[in-house]
Amino acid sequence: MNILVTGGAGYIGTHTCVELLNHGHDVVIVDNFVNSEKESIKRVEEITNKKIKFYEIDILNEKALDLVFKSNKIDAVIHFAGLKAVGESVEFPLKYYNNNITGSIVLFETMKKHNVKNIVFSSSATVYGMNNISPLTEDMPLSTTNPYGTTKMFIERILTDLYNSDNEWSIAILRYFNPIGAHPSGKIGENPKGIPNNLMPFITQVAVGKREKLSVFGNDYNTHDGTGVRDYIHVVDLAKGHLKALEYTMNTNKVEIVNLGTGKGYSVLDIIKAFEEGNNLSIPYEISERRPGDIATCFANTLKAKKILHWETKNTLLDMCKDSWRWQSNNPNGY
Ligand code: NAD
Ligand code: UFG
């Protein structure tokens, strides 16, 4: 199949393109490189020994997007393109609503126009909000604490309404938990601009000497060691989940929401320990204040993914720690 991957130059997009190409699909990437580098696409080509067609386009640009659909016979879309920094979304809500929501609407309109009605969408466990108790199931009530999360909640709703208006659409909405790790080749990985917001890239930047020490945001949560517990998922497992979701959309005409996680929760201190032991390194850290908006515990119920996508994760926490470090140590300054 010929798959249009929006945001395909980013962290999860590149890993998913590797899996698509390795499974014999063709890939067309649309990305404006606002949070990525062209080099990442080259690296995917190196890993797979295949060529990728890419367009440097903003998904808000209706005319340019239309031309992509006119020039390529697209079978399905995997939609990663979006801004994802929680703190920045609080500061610049309109930027987030415009980029993520308006951008998605332009994409869906263009798909409709060209009669492409299969889509896999990147949502987030952030839509479960602060009040649900883990393990989180897909039918729990949603709420959000920041504009980024609200964009995901709205886009989920838009896709559901779209399906309800026209059952020819086939839609998989994937709620990711915490993607970490990198391709085992060490050629592609997470490449945050500026100071990393997320735990694993911060740890790897401390390990490589770019940051002095990690701040652990709070050790007075109601968890086994007081630090926040999350469901960390290897990005290659996550990428494989997209292939299963794509297959699912090709064989059904439904809208389905599915968690992609491991179902296991690890604390911040568990992650530091696993990273240190797995890579024979020491990570200096200090305990600091809680980060506003953080919850104690967040992990997935994974039954639906197993049942309808026939997918589950394979990589261990040790794999995630080793692969994250291989990427960072091979590429101390990113791409
Ligand atoms: P990323 O920033 O690495 O990738 C997103 C890509 O989209 C980037 O290459 C960026 O340049 C591109 N992009 C953004 N706005 C665009 C626009 N208007 N037009 C064209 N391209 C645009 O992020 P990622 O970690 O790979 O995340 C991919 C998706 O998964 C995002 O939608 C994100 O919100 C979602 N998600 C990520 C996480 C996570 O922790 N990484 C968790 C849950 C959900
Ligand atoms: N943490 C630290 N120090 C840091 C960074 C994080 O102690 O420097 C802690 C956090 O407090 C939390 C855990 O590490 O307990 C994980 O934090 P991340 O920022 O890596 O991940 P979050 O769970 O907060 O959020 C991530 C994405 C969101 C997404 C959510 C989905 O950043 O975009 O997962 O579950 F919505």
Side-chain angles (χ1 to χ4, degrees), residues 5-16 29-38 40-41 55-61 64-65 78-87 89 95-96 98-100 102-104 106-107 121-128 136 144-146 148-149 151-152 155 174-180 189-193 195-203 205-206 211 213-219 221 223 227-233 235 238-239 259-261 265-269 271-272 285-300:
V5 183
T6 74
Y11 174 44
I12 307 170
T14 46
H15 288 83
T16 303
I29 290 180
V30 163
D31 203 303
N32 65 356
F33 301 102
V34 64
N35 198 36
S36 53
E37 311 289 332
K38 286 181 191 135
S40 70
I41 298 181
Y55 293 86
E56 184 166 356
I57 282 176
D58 193 312
I59 56 166
L60 285 158
N61 184 341
L65 204 56
I78 304 184
H79 179 30
F80 294 108
L83 298 172
K84 63 166 184 176
V86 172
S89 80
K95 179 176 165 186
Y96 272 67
N98 188 41
N99 191 76
N100 294 5
T102 313
S104 294
V106 171
L107 173 68
F121 170 63
S122 303
S123 187
S124 166
T126 194
V127 299
Y128 290 113
L136 300 163
T144 58
T145 54
N146 57 73
Y148 165 70
T151 68
K152 293 297 179 191
I155 300 164
L174 305 179
R175 291 184 182 152
Y176 312 155
F177 282 69
N178 290 55
I180 59 170
E190 189 166 11
N191 185 33
K193 291 193 170 158
I195 302 171
N197 296 306
N198 300 116
L199 180 63
M200 185 52 87
F202 207 104
I203 290 178
Q205 291 201 4
V206 171
R211 320 243 159 234
K213 60 180 175 228
L214 173 75
S215 293
V216 174
F217 299 145
N219 67 347
Y221 285 105
T223 61
T227 65
V229 165
R230 296 290 182 276
D231 185 338
Y232 296 93
I233 171 171
V235 67
L238 186 69
N259 287 339
L260 295 187
Y266 290 105
S267 73
V268 178
L269 296 181
I271 299 293
I272 297 173
Y285 69 86
E286 64 180 9
I287 306 294
S288 66
E289 291 293 294
R290 287 183 179 196
R291 183 172 64 180
D294 273 359
I295 51 172
T297 302
C298 171
F299 61 92

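Worth saying up front: this structure is predicted, and the values here are computed from it rather than measured. Start at 1 and go down the list; that is how both ligands and their atoms are numbered.
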Asker: Report the C-alpha separation of N197 and V86 in whole Å, then their side-chain angles, then the decisive distance to 0.1 Å, and conclude whether the side chain to side chain contact (heavy atoms under 4.5 Å, CB included) test is met.
Answerer: CA-CA 8 Å; N197 296 306; V86 172; over 6 Å; no

Asker: How far is atom 28 (C) of ligand 1 from the closest protein heavy atom, and which atom is that?
Answerer: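 That would be F80 O, 3.7 Å.
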
Asker: So which heavy atom in the protein is nearest atom 4 (O) of ligand 1, and how far is it from that ligand atom?
Answerer: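 Ranking protein heavy atoms by distance from atom 4 (O) of ligand 1, first comes G10 CA, 3.4 Å.
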
Asker: For atom 17 (C) of ligand 1, find the nearest protein heavy atom and state the residue, atom name and distance (0.1 Å precision).
Answerer: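 Ranking protein heavy atoms by distance from atom 17 (C) of ligand 1, first comes N32 ND2, 3.4 Å.
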
Asker: Among the heavy atoms of F299, does any lie under 4.0 Å from an atom of ligand 2?
Answerer: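 Under 4.0 Å: no for F299.
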
Asker: Where is the nearest protein heavy atom to atom 30 (C) of ligand 2: which residue, which atom, and how far?
Answerer: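 Ranked first by proximity to atom 30 (C) of ligand 2 is S124 OG, 4.0 Å.
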
Asker: Atom CZ of residue position F33 - does it have more than 12 heavy atoms of other residues, nucleotides or ligands inside 6.0 Å?
Answerer: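 Buried by this count: over 12 neighbours within 6.0 Å.
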
Asker: State the atoms of ligand 1, each with its element, that fall below the 4.0 Å cut-off from a heavy-atom position in S123.
Answerer: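 Heavy-atom distances to S123 below 4.0 Å select 43 (C), 44 (C).
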
Asker: Nearest non-hydrogen contact with atom 33 (C) of ligand 1 belongs to which option: Y148, F121, Y232, Y176?
Answerer: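 Of the listed residues, Y148 has the closest heavy atom.
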
Asker: Among all protein non-hydrogen atoms, which one is nearest to atom 8 (C) of ligand 1, and what is the separation to 0.1 Å?
Answerer: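 Here the closest protein heavy atom is D31 OD2, 3.6 Å.
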
Asker: Please state which protein non-hydrogen atom is closest to atom 24 (P) of ligand 1 and give its distance, to 0.1 Å?
Answerer: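 The closest heavy atom on the protein side is K84 NZ, 3.7 Å.
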
Asker: By number and element, which atoms of ligand 2 are closer than 4.0 Å to a non-hydrogen atom of V216?
Answerer: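 Those qualifying, in numeric order: 7 (O).
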
Asker: Report, in ascending order of atom number, the atoms of ligand 2 lying under 4.0 Å from any heavy atom of N197.
Answerer: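 Close to N197: 5 (C), 19 (O).
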
Asker: Distance under 4.0 Å to a non-hydrogen atom of V34: what atoms of ligand 1 satisfy this?
Answerer: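 Those of ligand 1 that fall under 4.0 Å from V34 are 10 (C), 11 (O), 13 (N), 14 (C), 15 (N).
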
Asker: Checking the N or O distance criterion of under 3.5 Å, is ligand 1 in contact with S124?
Answerer: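 No: no nitrogen or oxygen of S124 is under 3.5 Å from one in ligand 1.
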
Asker: Measuring from atom 22 (P) of ligand 2, which candidate in T223, N146, N178 has the nearest non-hydrogen atom?
Answerer: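 When every heavy atom of T223, N146, N178 is considered, N178 comes closest to atom 22 (P) of ligand 2.
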
Asker: Side-chain contact, heavy-atom cut-off 4.5 Å: N32 with I59?
Answerer: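 They are not in contact (no side-chain heavy atoms under 4.5 Å apart), so the answer is no.
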
Asker: Please report the closest heavy-atom contact between A81 and G7, naming both atoms and the distance.
Answerer: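 Result for this residue pair: CB-N, 3.7 Å.
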
Asker: Write out the residue and atom name of the closest protein heavy atom to atom 20 (O) of ligand 2, then the distance separating them to 0.1 Å.
Answerer: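 Among all protein heavy atoms, the one nearest atom 20 (O) of ligand 2 is L199 N, 2.9 Å.
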
Asker: Atom 5 (C) of ligand 2: which protein heavy atom is closest, and how many Å away?
Answerer: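 The closest heavy atom on the protein side is F217 CE1, 3.5 Å.
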
Asker: Measuring from atom 33 (O) of ligand 2, which candidate in F177, Y148, Y221 has the nearest non-hydrogen atom?
Answerer: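 Comparing heavy atoms across F177, Y148, Y221, the nearest one to atom 33 (O) of ligand 2 lies in Y148.
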
Asker: Which of the numbered atoms in ligand 1 are below 4.0 angstrom from a heavy atom of I57?
Answerer: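 It comes down to these atoms of ligand 1: 19 (N), 20 (C).
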
Asker: Could you walk me through whether K152 and T144 pass the side chain to side chain contact (heavy atoms under 4.5 Å, CB included) test, one step at a time?
Answerer: CA-CA 9 Å; K152 293 297 179 191; T144 58; over 6 Å; no

Asker: May I ask you to list the atoms of ligand 1 that are less than 4.0 angstrom from any heavy atom of G82?
Answerer: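 Per the distance check, 5 (C), 7 (O), 13 (N), 14 (C), 15 (N).
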
Asker: Return the residue, atom name and 0.1 Å-rounded distance of the protein heavy atom closest to atom 23 (O) of ligand 2.
Answerer: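 Protein heavy atom at minimum distance: R230 NE, 2.7 Å.
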
Asker: Which bit of N191 is near ligand 1, meaning a heavy atom under 4.0 Å away: side chain, backbone, both or neither?
Answerer: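 For N191, there is no contact with ligand 1 at all, from either part.
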
Asker: Given 3.5 Å as the limit, does a donor-acceptor pair link the side chain of T14 with the main chain of Y11, or not?
Answerer: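 Yes: the side chain of T14 pairs with the backbone of Y11.
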
Asker: If hydrogens are left out, which of Y266, Y285, Y232, Y176 has an atom nearest to atom 16 (C) of ligand 2, that is, the closest non-hydrogen atom?
Answerer: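 Residue with the shortest heavy-atom distance to the ligand atom: Y232.
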
Asker: Could you give me the CA-CA distance, side-chain angles and deciding distance for L136 and R175, then say whether side chain to side chain contact (heavy atoms under 4.5 Å, CB included) is met?
Answerer: CA-CA 11 Å; L136 300 163; R175 291 184 182 152; over 6 Å; no

Asker: Give the atom numbers and elements of ligand 1 that come within less than 4.0 Å of a heavy atom of S122.
Answerer: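 Under 4.0 Å from S122, ligand 1 has these atoms: 29 (C), 30 (O), 32 (O), 35 (C).
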
Asker: Considering non-hydrogen atoms of the protein only, which is the closest contact for atom 27 (C) of ligand 2, and what is the distance?
Answerer: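 Going by distance alone, atom 27 (C) of ligand 2 is nearest to N198 ND2, 3.8 Å.
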
Asker: So which heavy atom on D31 is nearest to which on G8, and how close?
Answerer: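 Heavy atoms only, the tightest pair is OD2-N, 3.5 Å.
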
Asker: For atom CD of E289, is the number of surrounding heavy atoms from other residues, nucleotides or ligands below 6.0 Å larger than 12?
Answerer: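 Count not over threshold, so no.
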
Asker: Quick one: does any side-chain atom of N100 pair with a main-chain N or O of T151 as donor and acceptor, under 3.5 Å?
Answerer: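 No: the side chain of N100 does not pair with the backbone of T151.
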
Asker: Which residues pass the side-chain hydrogen bond (donor to acceptor under 3.5 Å, both in side chains) test with K193, not counting sequence neighbours?
Answerer: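 K193 satisfies side-chain hydrogen bond (donor to acceptor under 3.5 Å, both in side chains) with no residue once adjacent residues are dropped.
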
Asker: Distance to 0.1 Å, residue and atom name: give those for the protein heavy atom nearest to atom 11 (O) of ligand 2.
Answerer: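 For this ligand atom, the closest protein heavy atom is D294 OD2, 2.6 Å.
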
Asker: Identify, for atom 40 (O) of ligand 1, the protein heavy atom at the shortest distance, and state residue, atom and that distance.
Answerer: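 Result for atom 40 (O) of ligand 1: P179 CD, 3.4 Å.
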
Asker: If every non-hydrogen atom of S104 is compared with every non-hydrogen atom of I155, which pair is closest and at what distance?
Answerer: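 It is OG-CD1, 3.5 Å.
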
Asker: Select one of side chain, backbone, both or neither to describe which atoms of P196 lie under 4.0 Å from any atom of ligand 2, heavy atoms only.
Answerer: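 Neither part.
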
Asker: Among the heavy atoms of Y128, does any lie under 4.0 Å from an atom of ligand 2?
Answerer: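 So Y128 does not count as touching ligand 2.
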
Asker: Y266 and Y232: which non-hydrogen atoms are nearest, and at how many Å?
Answerer: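 Answer, listing the atom of Y266 first, then Y232: O-CE1, 3.7 Å.
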
Asker: Which protein non-hydrogen atom lies closest to atom 26 (O) of ligand 1, naming both residue and atom, and how far is it?
Answerer: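 Answer for atom 26 (O) of ligand 1: I12 N, 2.8 Å.
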
Asker: What part of E190, side chain, backbone, both or neither, has a heavy atom within less than 4.0 angstrom of ligand 1?
Answerer: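 No part of E190 comes within reach of ligand 1.
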
Asker: How far is atom 3 (O) of ligand 1 from the closest protein heavy atom, and which atom is that?
Answerer: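 The answer is Y11 N, 2.9 Å.
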
Asker: To the closest 0.5 Å, what do you measure between OG1 (T227) and CG (L269)?
Answerer: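 Rounded to the nearest 0.5 Å, the OG1-CG separation comes to 4.0 Å.
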
Asker: With heavy atoms under 4.0 Å as the rule, classify the contact between N99 and ligand 1 as side chain, backbone, both or neither.
Answerer: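 Just the side chain.
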
Asker: Identify, by atom number and element, the atoms of ligand 2 in contact range of R291, meaning under 4.0 Å from any of its heavy atoms.
Answerer: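 Near R291, the atoms of ligand 2 are 10 (C), 17 (O), 18 (P), 19 (O), 24 (O).
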
Asker: Looking at atom 14 (O) of ligand 2, what's its closest protein heavy atom, distance included?
Answerer: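 Among all protein heavy atoms, the one nearest atom 14 (O) of ligand 2 is V268 CG2, 3.5 Å.
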
Asker: Considering all heavy atoms of both residues, which atom of V106 and which atom of L65 are nearest to each other, and what is their separation?
Answerer: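 Heavy-atom minimum between the residues: CG1-CD2, 4.1 Å.
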
Asker: Nearest heavy-atom pair of E37 and A9: which atoms, and what distance?
Answerer: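 Heavy atoms only, the tightest pair is O-CB, 4.3 Å.
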
Asker: Is there a heavy atom of H79 sitting under 4.0 angstrom from any atom of ligand 1?
Answerer: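 Per 4.0 Å heavy-atom rule, H79 does not contact ligand 1.
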
Asker: Should the proximity of F33 to ligand 1, defined as any heavy atom under 4.0 Å, be assigned to the side chain, the backbone, both, or neither?
Answerer: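 The part of F33 near ligand 1 is the backbone, not the side chain.
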
Asker: Using side chain to side chain contact (heavy atoms under 4.5 Å, CB included), reason through M200 and I271 one step at a time and then give a plain yes or no.
Answerer: CA-CA 8 Å; M200 185 52 87; I271 299 293; 4.0 Å; yes

Asker: To the nearest 0.5 angstrom, please state how far the CG atom of N178 sits from the OG1 atom of T126.
Answerer: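 Those atoms lie 10.0 Å apart.
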
Asker: Should the pair Y96 and Y148 be assigned to parallel (<30°), tilted (30 to 60°) or perpendicular (>60°) ring geometry?
Answerer: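 Rings of Y96 and Y148: perpendicular, as their planes differ by over 60°.
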
Asker: So which heavy atom in the protein is nearest atom 35 (O) of ligand 2, and how far is it from that ligand atom?
Answerer: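 Of every protein heavy atom, A125 CB, 3.4 Å lies nearest to atom 35 (O) of ligand 2.
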
Asker: Is the closest side-chain donor-acceptor distance between N259 and Y128 under 3.5 Å?
Answerer: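 Side chains of N259 and Y128: pair found under 3.5 Å.
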
